[in-house]
Enquirer: 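Can you read through this structure? Questions will come right after.
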Number of protein chains: 2
Amino acid sequence: MIPDKTIGRLSLYRRLLNRLLAEGVRNVYSHQLAAMAGVTPAQVRRDIMSIGYSGNPNRGYDMTELIDSIGQSLDDPEGQRAALIGVGNLGRALLTYFSGRRPRLAIVAAFDSDPRKCDRVIQGCRCFGIDRLPEKVAEMDISIGTITVPSGEAQKVADLMVRAGIRGIMNFAPVRLRVPSNVYVEDVDMTMALEKVAYFARKIQP
Amino acid sequence: MIPDKTIGRLSLYRRLLNRLLAEGVRNVYSHQLAAMAGVTPAQVRRDIMSIGYSGNPNRGYDMTELIDSIGQSLDDPEGQRAALIGVGNLGRALLTYFSGRRPRLAIVAAFDSDPRKCDRVIQGCRCFGIDRLPEKVAEMDISIGTITVPSGEAQKVADLMVRAGIRGIMNFAPVRLRVPSNVYVEDVDMTMALEKVAYFARKIQP
DNA sequence: TTCACATTGTGAAAGTTTTCACAGTCAAAC
DNA sequence: GTTTGACTGTGAAAACTTTCACAATGTGAA
């Protein structure tokens, strides 16, 4: 199994490669990708090694082949669908942020407990009452959940998601969720991020 | 210097401790804090060791003392002020998210290049034209910047921030910023986070 | 064909982070 | 006073991640 830091970087590499491909570049060396990603060339080569792709000592990596290889490791061939729970400011921002970007991995339904927010369409994404989550997860084969509710409700929502059969959660609430070990949770903790920045802004020598 | 992962966990511990304190709890053991934070007791003890606080073998850690100790390591006694650049959906969501939470670390000014978004007050935070960033950074002694602009403009904004004297950046744009080594950058890469969740949602054994 | 050379792939080293495991400590019970 | 037991603090081990350094390789030039 590929370690989770590597997965993160592969996702980054792919984004950078796609940008480069749009500029007409056909192949790339580890040191170029490294410079763009802010890592070392050796790290790039190791990461690419981990997905089993090989470059050419003279021309580096073929862009389209490498992008394909990353896709083969990261993407589900059938695509994966995500739900978003909590249509507040942050939830709406995320719907906008992710809408229409990647067909393979899209947020296909939103949920909220506030009836006033339901039965609307936000960024092409229909909003349902939270009680319809299990039904919709089954119907649309949703495997991923995004939690953007207030912290007090996050655990309740996580429990509901797990019962509905969701396998991975991206959690924006500043709470550690308790879930079974076969459900993956990625915390996006913005408060922690801001406090880290504040600390290092002070500590890094001027 | 305390490593950055430790700083992140200390920030988390403090949040958990404050929640517990509100419930009237007066002291806490490493295994309790560990359970709440989702880490091992040994890790909690190491982290607390790194800020130089000591508990009591019989009563664990004194809550208020520990919270104070963490504050002494993480917080600037004078407080720190942050600016937010990019008043789109995500920017507004963050202003709401952070508004009024911590007096020691607040977003005190917002900036946007769109004149229609300027001269308004969003969540108690005044919005200025981006050209006034240097002036306001100096005037309000802002040391931290939050980037929520489209990726194409992120590097330009980062350059402007660096020139204005900002020391730490929380970056939401999916781009690696080039900054001098005395400026700290924390990337909050939501696309990467979602792709990681998608990958592990598939890979973790059912 | 042969050479030169920038690059890849990777075993091993170095560095970093986490966990183990246990001596030392404190307070409550007796 | 002494014993007991759960907990802390921490050196050392383990696990994990990154970097080094160099043999192997493919290509273009001579």
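Reminder, nothing fancy here: chain letters follow the sequence lines and each chain counts from 1.
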Enquirer: Could you say whether K5(A) or A42(A) is positioned toward the 5' end of DNA chain D, judged by the nucleotide with the nearest heavy atom to each?
Expert: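 Nearest nucleotide further toward 5': that of K5(A).
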
Enquirer: For P3(B), answer base if it contacts any base atom (sugar-phosphate contacts may also be present), sugar-phosphate if it contacts only those atoms, and nothing otherwise; contact means non-hydrogen atoms under 4.0 Å.
Expert: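 The answer is sugar-phosphate, as P3(B) gets under 4.0 Å only of primed atoms, P, OP1 or OP2.
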
Enquirer: What integer distance in Å separates I48(A):CD1 from dG9(C):C1'?
Expert: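 Taking CD1 of I48(A) and C1' of dG9(C), I get 11 Å after rounding.
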
Enquirer: For R92(A), is there any backbone N or O sitting under 3.5 Å from a side-chain donor or acceptor partner on Q123(A)?
Expert: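 Between the backbone of R92(A) and the side chain of Q123(A) there is no qualifying donor-acceptor contact (under 3.5 Å).
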
Enquirer: A side-chain contact here means heavy atoms from C-beta on lying under 4.5 Å apart; do L84(B) and F172(B) qualify?
Expert: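 Side chain of L84(B) against side chain of F172(B), heavy atoms only: no contact under 4.5 Å found.
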
Enquirer: Is there a donor-acceptor contact under 3.5 Å from the side chain of R202(A) to the main chain of R167(B)?
Expert: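 Checked: no pair found.
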
Enquirer: For the pair made of CD in Q43(A) and P in dT16(C), what is the distance, rounded to whole Å?
Expert: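 In whole Å, dT16(C) P and Q43(A) CD are 14 Å from each other.
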
Enquirer: Residues in salt bridge (Lys or Arg N to Asp or Glu O under 4.0 Å) with D141(A), at least two apart?
Expert: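 R81(A).
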
Enquirer: Which is the 5'-most and which the 3'-most nucleotide of DNA chain D that has an atom under 4.0 Å from a heavy atom of chain B?
Expert: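 First-to-last contact on DNA chain D, by the 4.0 Å heavy-atom rule, is dG5(D) to dA12(D).
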
Enquirer: Mind calculating the distance between CG (D4(B)) and P (dT18(C)) to the nearest angstrom?
Expert: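 Rounding to the nearest Å, CG of D4(B) and P of dT18(C) are 10 Å apart.
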
Enquirer: Check side chain to side chain contact (heavy atoms under 4.5 Å, CB included) between D68(A) and all other residues, then give those that pass, not counting sequence neighbours.
Expert: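 Partners of D68(A) under the side chain to side chain contact (heavy atoms under 4.5 Å, CB included) test: none.
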
Enquirer: Bend across the helix from dT1(C)-dA30(D) to dC30(C)-dG1(D), to 10°, with axes taken over 5 pairs at each end?
Expert: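 What I find for the helix from dT1(C)-dA30(D) to dC30(C)-dG1(D) is an axis angle of 0°.
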
Enquirer: Flag yes if more than 12 heavy atoms outside R19(A) fall under 6.0 Å of its CZ atom; otherwise flag no.
Expert: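 More than 12 heavy atoms, drawn from other residues, nucleotides or ligands, come within 6.0 Å of this atom.
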
Enquirer: Pairs in or reaching into residues 124-162 of chain A: which pass ring pair (Phe, Tyr, Trp, His ring centres under 6.0 Å), with residues at least two apart or in two chains?
Expert: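 Qualifying pairs: F111(A)-F128(A).
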
Enquirer: Hey, which sits more toward the 5' end of DNA chain C by its nearest nucleotide, T40(B) or R46(A)?
Expert: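 Final value for this comparison: R46(A).
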
Enquirer: So do L17(B) and I70(B) actually touch side chain to side chain, heavy atoms under 4.5 Å?
Expert: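 Counting from C-beta outward, I70(B) and L17(B) do come under 4.5 Å.
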
Enquirer: Establish, with yes or no, whether the OP1 or OP2 oxygen of dT18(C) is under 4.0 angstrom from a side-chain nitrogen or oxygen of R9(B).
Expert: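 For R9(B), the contact criterion (side-chain N or O under 4.0 Å from OP1 or OP2 of dT18(C)) is met.
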
Enquirer: Hey, could you give me the OG/CD1 distance between S73(B) and I2(B), rounded to the nearest 0.5 Å?
Expert: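 S73(B) atom OG to I2(B) atom CD1 measures 4.5 Å (nearest 0.5 Å).
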
Enquirer: Nearest whole angstrom, please: distance from the P of dT17(C) to the CE of M49(B).
Expert: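 Rounded to whole Å, this separation is 14 Å.
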
Enquirer: If the test is side chain to side chain contact (heavy atoms under 4.5 Å, CB included), which one of I166(B), V137(B), L133(B), D131(B) qualifies with L160(B)?
Expert: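 Of I166(B), V137(B), L133(B), D131(B), side chain to side chain contact (heavy atoms under 4.5 Å, CB included) with L160(B) is met by L133(B) alone.
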
Enquirer: If a protein heavy atom is under 4.0 Å from the base, mark B; if only from the sugar-phosphate, S; if neither, -; do that for nucleotides 3-8 of chain C going 5' to 3'.
Expert: ----BB

Enquirer: Do the charged groups of K156(A) and E153(A) touch, with an N to O distance under 4.0 Å?
Expert: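 Between E153(A) and K156(A) there is no salt bridge, as every charged N stays at least 4.0 Å from the carboxylate O atoms.
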
Enquirer: Round to the nearest Å and state the distance from N27(B) atom CG to dA28(C) atom P.
Expert: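 Going from CG in N27(B) over to P in dA28(C) covers 11 Å.
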
